[in-house]
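Just so we're on the same page: letters track the sequence lines, and every chain starts at 1.
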Number of protein chains: 2
Amino acid sequence: MALSHSILATLIGRGKSLSGYDLAKEFNSSVGFYWKTTHQQIYRELARLEKEGMVTSEVVKQKDRPDKKIYNITDTGKVHLIGWIAEPSIPTPIKEDMLVKMYVGFLVPKDILIKELQQLKDLHEEKLRLFREYEKIYFSDVKNMPVKGKYRYLNLRTGINFELFHIRWCEEAIEFLNNEFE
Amino acid sequence: MALSHSILATLIGRGKSLSGYDLAKEFNSSVGFYWKTTHQQIYRELARLEKEGMVTSEVVKQKDRPDKKIYNITDTGKVHLIGWIAEPSIPTPIKEDMLVKMYVGFLVPKDILIKELQQLKDLHEEKLRLFREYEKIYFSDVKNMPVKGKYRYLNLRTGINFELFHIRWCEEAIEFLNNEFE
DNA sequence: TCACACTATGCAACAAGTTGAATATTATAC
DNA sequence: GTATAATATTCAACTTGTTGCATAGTGTGA
């Protein structure tokens with residue numbers, strides 16, 4: 001399972017203690033484009049990681065806002081994470097609603113599909129703009145960045161390519177629907 | 001949820017009754033690249049779909065092999081599926097192990113990452129070859145195909161683009177690791 | 001001051017997905 | 001004749017992911 005690994009990775013990646021709330025924000029911001037989840041799952045997972053000795057927690061009292069519990073990765077957690085990195089990855093299969101819809105696209109007027117593809121394309125273009133902006137602001141001088149930053153740039157590049165793939169796919173599908181169908 | 005929709009779609013798409021076993025094969029063959037699952041989940045989902053009146057089943061006695069239960073989509077099922085198609089799709093977020101690994105790539109020697117990326121690339125290239133072969137055999141004359149076939153071709157194209165995206169990503173990452181890191 | 005947004009954590013229930021095994025028949029290869 | 005692969009279905013247990021709700025304090029704008 002990779003959520004636990006994502007949590008450990010974020011704890012190391014950010015280089016400081018984070019609360020469940022911090023982690024949730026991280027996972028759902030533009031930065032955390034590589035993993036999506038809910039805060040409930042994160043809290044549940046953190047409790048388990050603590051039970052397994054992968055992280056330790058500490059309550060921090062706050063005056064201006066509710067108290068929080070911040071987490072640190074342990075040596076056990078770090079060893080576990082490094083071991084996981086070296087395991088071979090298997091390709092993630094596609095599970096895309098739009099593909100299922102397309103498979104039975106003949107059941108509805110093609111305009112419906114075109115409209116949906118256009119909507120999907122818009123959403124991906126918005127995301128792409130965000131990533132590109134992020135690239136411009138934080139990664140204009142990658143060559144001179146510390147290693148950590150370079151790895152983060154690699155990830156951002158993937159996010160950009162991922163969006164480009166989806167945009168191209170939507171365009172190809174729309175064009176195909178317009179030209180090949182009457 | 002889209003597994004139930006995938007099952008209904010496959011039942012319509014194939015235009016004939018299928019058993020749970022047939023469906024499982026379909027979902028895990030090169031054709032069913034748009035959705036992956038296990039036979040257990042399919043059997044469970046079929047039972048539920050039947051309870052909800054989306055499909056009907058019928059036991060077929062066989063002499064040469066174990067008896068089977070074949071499923072048909074009902075009008076209710078078809079209406080439900082068409083309704084679902086018209087609902088707007090939301091982009092599928094990335095959940096890719098390799099991205100998490102890359103995020104903390106600085107924890108291991110870069111050779112480990114390069115090796116993994118190479119392995120991943122090989123797997124995607126194999127899949128791409130399969131899809132391209134499939135394209136050549138079944139879709140050489142798309143313009144003159146029935147509508148159903150055209151939609152299936154659209155899906156195959158997406159599969160091809162998906163593999164190309166992953167291959168390009170792996171290449172970019174390997175190159176980056178080789179050039180930008182010392 | 002009232003509503004709303006933000007910070008912060010957690011429970012409960014459910015839906016979806018995975019893993020392992022049991023059962024039974026027939027076909028094929030060694 | 002023996003092992004194995006393929007056909008065919010199902011149960012049980014578990015993990016992962018989602019949805020809704022509860023609680024509780026602070027900050028901000030209308």
Side-chain angles (χ1 to χ4, degrees), chain A residues 1-8 17-29 32 34-52 54-71 80 84 87 90-97 100, chain B residues 1-8 17-29 32 34-52 54-55 57-71 80 84 90-97 100:
Chain A
M1 184 241 179
L3 174 59
S4 62
H5 298 119
S6 291
I7 290 174
L8 295 176
S17 314
L18 296 171
S19 65
Y21 192 83
D22 294 333
L23 283 161
K25 260 200 302 183
E26 195 84 8
F27 278 107
N28 291 296
S29 69
Y34 62 87
W35 204 265
K36 295 275 166 204
T37 188
T38 54
H39 71 274
Q40 287 88 343
Q41 226 193 315
I42 287 170
Y43 285 121
R44 191 214 265 155
E45 204 61 31
L46 279 170
R48 188 161 68 186
L49 283 170
E50 191 171 17
K51 215 173 75 186
E52 286 170 353
M54 304 287 178
V55 297
T56 51
S57 70
E58 177 187 352
V59 176
V60 177
K61 299 234 175 231
Q62 293 186 121
K63 278 174 205 155
D64 50 339
R65 34 191 80 175
D67 295 350
K68 63 177 177 179
K69 226 164 148 182
I70 55 166
Y71 290 87
H80 177 77
W84 174 73
E87 281 171 27
I90 49 158
T92 310
I94 328 181
K95 278 195 183 179
E96 182 89 35
D97 281 12
V100 181
Chain B
M1 183 242 179
L3 174 57
S4 62
H5 299 119
S6 290
I7 290 174
L8 295 177
S17 314
L18 296 171
S19 66
Y21 192 82
D22 295 332
L23 283 161
K25 259 200 303 183
E26 197 83 7
F27 278 107
N28 291 295
S29 68
Y34 62 87
W35 204 264
K36 296 275 167 205
T37 188
T38 55
H39 69 275
Q40 288 88 341
Q41 226 194 316
I42 288 170
Y43 284 119
R44 190 214 269 154
E45 203 62 30
L46 279 170
R48 188 162 66 184
L49 284 170
E50 191 171 16
K51 218 173 71 185
E52 287 171 353
M54 303 287 178
V55 298
S57 72
E58 170 187 2
V59 176
V60 176
K61 299 233 174 231
Q62 293 186 121
K63 278 173 203 156
D64 51 339
R65 36 192 79 173
D67 296 349
K68 65 177 175 179
K69 225 163 147 183
I70 55 167
Y71 289 87
H80 178 76
W84 174 74
I90 48 156
T92 311
I94 327 180
K95 277 195 184 179
E96 182 88 34
D97 281 12
V100 181

Legend entry - Whole-Å distance separating the NZ atom of B:Lys68 from the C1' atom of D:dT10: 18 Å
Inset, instruction - Check whether any side-chain heavy atom of A:Leu8 sits under 4.5 Å from a side-chain heavy atom of A:His80, and report yes or no. - result: yes
Legend entry - Test side chain to side chain contact (heavy atoms under 4.5 Å, CB included) applied to A:Thr56 - qualifying residues, sequence neighbours left out: A:Asn72, A:Thr74
Legend entry - Separation of D:dA6 C1' from B:Asn28 CG (nearest whole Å): 15 Å
Legend entry - Rounded distance in Å - CD (A:Glu50) to C1' (C:dG10): 14 Å
Legend entry - Nearest-angstrom distance from the residue atom NZ of B:Lys69 to C1' of D:dT10: 9 Å
Legend entry - Neighbours of DNA chain C within residues 39-49 of chain A, by heavy-atom distance under 4.0 Å: A:His39, A:Gln40, A:Tyr43, A:Arg44
Inset, instruction - Could you tell me whether the phosphate oxygens of D:dA8, OP1 or OP2, come under 4.0 Å of any side-chain nitrogen or oxygen in B:Lys25? - result: no
Legend entry - Presence of A:Lys95 side-chain N/O under 4.0 Å of C:dA16 phosphate oxygens OP1/OP2: no
Legend entry - Side chain of B:Gln62 - closest among D:dT9, C:dG17, D:dA8: D:dA8
Inset, instruction - First locate atom CZ of B:Arg48, then atom CG of B:Leu3, and finally report the distance between them rounded to the nearest 0.5 Å. - result: 8.5 Å
Inset, instruction - Check whether any side-chain N or O of A:Tyr21 sits under 4.0 Å from OP1 or OP2 of C:dT9, and answer yes or no. - result: no
Legend entry - Gap between atoms CG and C1', on B:Leu3 and D:dT18 respectively (whole Å): 16 Å
Legend entry - Residue pair B:Lys25 / B:Leu23, side-chain heavy-atom distance below 4.5 Å: no
Inset, instruction - Please check if the side chain of A:Asp97 supplies one atom and the backbone of B:Ala2 the other of a donor-acceptor pair under 3.5 Å. - result: no
Legend entry - Rounded distance in Å - CG (B:Leu18) to C1' (D:dT7): 15 Å
Inset, instruction - Using atom CD1 of A:Ile70 as one end and atom C1' of C:dT9 as the other, report the distance to the nearest whole Å. - result: 15 Å
Inset, instruction - Determine, step by step, whether A:Lys68 and A:Ile70 satisfy the side-chain contact (heavy atoms from CB on, under 4.5 Å) criterion, reporting the C-alpha distance in whole Å, the side-chain angles of both residues, the deciding distance to 0.1 Å, and the verdict. - result: CA-CA 6 Å; A:Lys68 63 177 177 179; A:Ile70 55 166; 4.0 Å; yes
Inset, instruction - Could you tell me whether the phosphate oxygens of D:dT9, OP1 or OP2, come under 4.0 Å of any side-chain nitrogen or oxygen in B:Ser19? - result: yes
Inset, instruction - Mind calculating the distance between CD1 (B:Ile90) and C1' (D:dT18) to the nearest angstrom? - result: 12 Å
Legend entry - Listed nucleotide nearest any side-chain atom of A:Pro66, set C:dT9, C:dT7, C:dA24: C:dT7
Inset, instruction - To the nearest 0.5 Å, tell me how far A:Glu58 CD sits from A:Tyr71 OH. - result: 11.5 Å
